[in-house]
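The structure under discussion appears below in the form of structure tokens.
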Amino acid sequence: MTTPQHSAVTQPPPVVDGTPAIRFAGVHKNYLAHGESVAAVKRTDLAIAQGEFFSLLGPSGCGKTTTMRMIAGFEEPTAGKVYLDGKDVTGVAPNKRDINMVFQSYALFPHLNTYQNVAFGLERKKVAKDEIKRRVGEILEIVSLTGMEKRAPREMSGGQQQRVALARALVNRPRALLLDEPLGALDLKLRQQMQVELKRIQREVGITFVYVTHDQGEALTMSDRIAVMNAGVIEQLGTPREIYERPATRFVAGFIGTSNIVEGRCQRAENGLALLSYTQQDRVVVPCGSAVRAGDKIEVSVRPEKIDLHRGVPPVSATGGSVLSGIVNEVVYHGTSTNYTVATAAGADFTVFDQNASNADDLADRGDRVYLTWAPQHSYLIGV
Ligand SMILES: Nc1ncnc2c1ncn2[C@@H]1O[C@H](COP(=O)(O)OP(=O)(O)O)[C@@H](O)[C@H]1O
Ligand SMILES: [Mg+2]
């Protein structure tokens with residue numbers, strides 16, 4: 001036979017000419033809790049593409065699980081519609097949606113071995129024995145469990161059990177796989193390995209993954225796109241790079257990585273740059289398009305690794321953008337970088353990550369007077 005390797009599983013679900021795999025139109029969800037109505041997800045529009053690795057990222061209680069449960073059909077929206085491959089499935093039962101879910105608790109059958117756990121769903125569907133054997137073998141290879149067919153769950157590590165759960169879900173070739181904080185129970189090292197593995201597996205099977213996490217590093221590592229949720233609302237949706245480099249709101253700026261934020265009234269806005277000025281020399285410059293006028297109150301953010309720290313007065317070449325003087329409050333050595341906390345003339349404490357080059361002594365000590373500089377394009381407005 002000339003069947004290509006992994007053929008059965010790598011065939012993605014039929015793509016309906018760019019139709020999103022999953023779409024929310026005005027989806028709203030209220031729960032009744034102790035007689036009070038709680039809005040868990042607020043009027044959300046969302047489109048997840050076929051074959052995308054899509055993450056829902058946000059703090060506990062922001063509505064991630066509720067969103068997943070509405071995709072799977074375990075919850076119905078209070079208002080709005082859910083579409084799968086362009087078809088309205090609002091009100092359709094979970095087992096008619098062709099969606100599978102993987103949880104943090106693997107929920108494997110303890111008395112069944114790996115093969116039996118993975119084959120279970122296909123056997124119930126009365127798939128032919130030969131085909132079951134082929135598909136289970138194929139998917140076990142993809143999740144790197146070949147040779148573990150006879151093991152019971154209790155004879156395997158947490159990471160291996162998670163792979164069995166994943167294989168069991170994928171072997172059904174669902175339209176989409178929903179993963180709700182699946183790595184939460186694993187220790188850091190194993191979690192990081194599984195992040196890379198999950199991404200590889202998703203690429204190989206070509207199935208749409210919707211991944212829920214409260215861990216920003218995890219979302220940045222694995223996702224094609226991320227929706228950052230806060231209190232039932234998607235505050236920003238974009239690629240990991242867009243979300244990290246250009247957080248759209250104060251919440252996103254604070255939740256993803258470390259951000260320095262200053263606020264003030266714009267003194268001047270010209271040539272697409274807005275100026276916040278604190279003293280003769282201390283100033284922050286930010287690209288603003290036509291969004292800002294003199295007198296407007298603005299918030300400006302800059303990432304810690306974009307800032308240069310100078311012990312003396314900075315060279316003229318470094319002063320075309322933002323310049324803030326300050327006093328070093330804290331120096332923390334992190335191996336690959338040194339992190340400084342600096343009380344600045346803008347009134348805000350700044351964090352600066354200075355990459356440790358081979359010959360570098362620490363640039364500054366506690367109590368030192370320093371100057372922070374960064375180029376105009378590294379500043380961005382938030383909440384505009
Ligand atoms: N079955 C429920 N009944 C009442 N309130 C709920 C129920 N499930 C979730 N909630 C509330 O809805 C909000 C969102 O919850 P959830 O979707 O579980 O958030 P996340 O998964 O992001 O932690 C929270 O305020 C939570 O308390
Ligand atoms: Mg949850």
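First listed ligand is number 1; within each ligand, the first listed atom is number 1.
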Checklist line | Sub-4.5 Å side-chain heavy-atom contact between Ile207 and Leu170 | finding: yes
Check: Who are the residue neighbours of ligand 1 when the rule is a heavy atom under 4.0 Å from any of its atoms?
Finding: Tyr31, Ala40, Pro59, Ser60, Gly61, Cys62, Gly63, Lys64, Thr65, Thr66
Checklist line | Any pair counted as side chain to side chain donor-acceptor pair (under 3.5 Å), so long as it reaches residues 51-80, sequence neighbours left out | finding: Lys29-Glu75, Tyr31-Thr66, Glu52-Arg225, Ser55-Ser223, Thr65-Asp180, Glu76-Arg97
Next item on the list: Hey, could you give me each pair passing salt bridge (Lys or Arg N to Asp or Glu O under 4.0 Å) that has a residue in residues 37-49? Not counting sequence neighbours.
Entry: none
Item checked: Within-2.8 Å protein N/O/S contacts of the Mg ion (ligand 2) ->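 Result, waters dropped: Thr65 OG1.
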Margin query: Run the side chain to side chain contact (heavy atoms under 4.5 Å, CB included) test on Leu324 and Tyr278 for me, step by step, so that the C-alpha distance in whole Å, both residues' side-chain angles and the decisive distance to 0.1 Å come before the verdict.
Written below: CA-CA 9 Å; Leu324 289 177; Tyr278 298 94; 4.0 Å; yes
Note to self: Side chains of Asn339 and Glu330: any donor to acceptor distance under 3.5 Å?
What the structure shows: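 Result is no, nothing qualifies.
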Next item on the list: Decide whether Asp349 and Thr344 meet the rule of one side-chain donor and one side-chain acceptor closer than 3.5 Å.
Entry: no
Next item on the list: Might you confirm whether atom NE2 of His214 has over 12 heavy atoms from other residues, nucleotides or ligands at distances under 6.0 Å?
Entry: no
Note to self: Would you say CZ of Arg293 has more than 12 non-hydrogen atoms from neighbouring residues, nucleotides or ligands within 6.0 angstrom?
What the structure shows: no
Next item on the list: Kindly state whether the ring of Tyr211 and the ring of Phe53 have centres lying under 6.0 angstrom apart.
Entry: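 Yes, they do, as the ring centres are separated by less than 6.0 Å.
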